[in-house]
Asks: 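I have a structure here, written as structure tokens, and I will follow up with some questions on it.
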Number of protein chains: 2
Amino acid sequence: MRLEDLPGRPCSVAAALNLIGEKWSLLAVREIAFGNKRFDAIARNTGAPRDRLAARLRALEAAGVITRRRYSEHPPRYEYELTEAGRELRGVLTALRAWGDKWAIDAPPPTAFEHGCGHDLDPVMTCRHCGEEIDPDDLRVRVTATGWTRQGPLPRADPAR
Amino acid sequence: MRLEDLPGRPCSVAAALNLIGEKWSLLAVREIAFGNKRFDAIARNTGAPRDRLAARLRALEAAGVITRRRYSEHPPRYEYELTEAGRELRGVLTALRAWGDKWAIDAPPPTAFEHGCGHDLDPVMTCRHCGEEIDPDDLRVRVTATGWTRQGPLPRADPAR
DNA sequence: TACATCGGTTGCGAAATCAAACTAACTCGG
DNA sequence: CCGAGTTAGTTTGATTTCGCAACCGATGTA
């Protein structure tokens, strides 16, 4: 993706959404990550219309997020797998799931994961360098294409309101 | 959001995407997180069509992600701010940006952040309990609504391919 | 023979999206 | 006072995408 081809601020978030931001794309990735490799299972578990799903799977393949492998000739049958890029998308899914658990549903989380350490997964974003939990209020913009964002600290939560 | 109202697997990821998965929504949140509170700035920096942006901002407000505050009567003028839910979305943006930096663009990251510890931000998702980096291959599905996913380990990366 | 499975494609109407123009109420400079 | 600019949208009309249902062909199963 060429950043210049995106409207607005040159930004990896926009570039990422260009690849995986269409409706059903991330849910398809979720299903494949769950081990559901086949078209029918992905369609059933996401609820996506079959024609839209077919289009999304092609786009995800073109984006390098999944591969399509024929496991039968006559009739041709395919299964989908995550590429390295697709596998790394699971982190995005984890962040989204954590947010959704907290803010998008009123019931307890419908899906939980057990981490290798034996406890239920409770993900935290940390700084690889210092190991501390990342407080987004504690970040400064360091580099951007000129003209798009002034350098300096990001706005903080305003405790007055 | 009632999970029963979603098509497919009951899932917080789907519920989250229902709130913030439409086109331009996350980019609008990104801009507000950057401190751009006004309609025109958000429109300019995202590249979103103004009518779409107006619709998205209303939807984000209804979803509880942003607030709309009048800063002028006559003419009525508004500015947008993140709610607590919106501020916690910054973690999703961080995950998405990290993925996009690596997989969605060919150039070096257009935006970097400096963490409080003095180094460039390099986010890692860790387990709150044991502090270890989360390897998505090291997760087992612990609970889901019955019928949707067998319990047990998730498929691993297949080293044979 | 009849039906089910699988991985789609096709056709079609409904809905969402887009760029551009327009509105309305102000402010500022001269 | 005049004209230009700012701000936050709304309107318009064309384009694109979406969602649904039906269909298809090759095979396997009862």
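Note that the coordinates shown come from a computational prediction; the quantities given were computed from them, not determined experimentally.
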Asks: Distance check, rounded to the nearest 0.5 Å: H115(A) atom NE2 versus H129(B) atom NE2?
Replies: 11.0 Å

Asks: What's the closest nucleotide to the R52(A) side chain, out of dG7(C), dG19(D), dG9(D)?
Replies: dG19(D)

Asks: When you check the phosphate oxygens OP1 and OP2 of dG9(D), does a side-chain N or O of R68(B) lie under 4.0 Å from one of them?
Replies: yes

Asks: Among the candidates dG7(C), dG9(D), dG8(C), find the nucleotide nearest to the side-chain atoms of A54(A).
Replies: dG8(C)

Asks: Under 4.0 Å from any atom of DNA chain D, heavy atoms only: list the residues of residues 39-47 of chain B that qualify, in numerical order.
Replies: F39(B), D40(B)

Asks: Once you round to the nearest 0.5 Å, how far does CZ of R128(A) lie from CG of L121(B)?
Replies: 10.5 Å

Asks: To the nearest 0.5 Å, what is the distance between CG (L19(B)) and CH2 (W103(A))?
Replies: 12.0 Å

Asks: Whole angstroms only, please: what is the CH2-C1' distance between W24(A) and dT17(D)?
Replies: 14 Å

Asks: Rounded to the nearest Å, what distance is computed from the NZ atom of residue K23(A) to the C1' atom of nucleotide dT16(D)?
Replies: 15 Å

Asks: Identify all pairs in which a protein N or O lies below 3.5 Å from an N or O of nucleotides 23-30 of chain D, and state each distance.
Replies:
{"residue": "dG25(D)", "atom": "N2", "partner": "R77(A)", "partner atom": "NH2", "Å": "3.1"}
{"residue": "dT27(D)", "atom": "OP1", "partner": "H74(A)", "partner atom": "O", "Å": "3.4"}

Asks: What is the separation between atom CD on E61(B) and atom C1' on dG9(D), rounded to the nearest whole Å?
Replies: 14 Å

Asks: Measure the CD1-CZ distance between I32(B) and R90(B) for me, rounded to the nearest 0.5 Å.
Replies: 12.0 Å

Asks: May I have the distance from L6(B) (atom CG) to dG19(D) (atom P), rounded to whole angstrom?
Replies: 13 Å

Asks: To the closest 0.5 Å, what do you measure between CG (L53(A)) and CZ (R58(A))?
Replies: 9.0 Å

Asks: Salt bridge or not for D135(A) and R87(B), using N-O below 4.0 Å?
Replies: no

Asks: Rounded to whole angstrom units, what separation is found between the CD atom of E22(B) and the P atom of dC18(C)?
Replies: 11 Å

Asks: Does a side-chain N-to-carboxylate-O contact under 4.0 Å join R44(B) and E31(B)?
Replies: no

Asks: Can you find an N or O donor on one side and an acceptor on the other, under 3.5 Å apart, linking the side chain of D51(A) with the base of dC20(D)?
Replies: yes

Asks: Please classify the nucleic acid contact of R56(A) as base, sugar-phosphate, or nothing, using heavy-atom distances under 4.0 Å.
Replies: sugar-phosphate

Asks: In whole angstrom, give the distance that lies between atom CG of L57(A) and atom C1' of dT9(C).
Replies: 14 Å

Asks: Distance check needed: dG9(D) C1' versus K37(B) NZ, whole Å only.
Replies: 20 Å

Asks: Under the 3.5 angstrom rule, does the side chain of S12(B) hit a backbone N or O of P109(A) as a donor-acceptor pair?
Replies: no

Asks: Take atom CD of E79(B) and atom P of dG9(D), then tell me their distance rounded to the nearest Å.
Replies: 12 Å

Asks: Between E22(A) and R52(A), does any side-chain N to carboxylate O distance fall below 4.0 Å?
Replies: no

Asks: Is the shortest side-chain N/O distance from Y80(B) to OP1 or OP2 of dT7(D) below 4.0 Å?
Replies: no

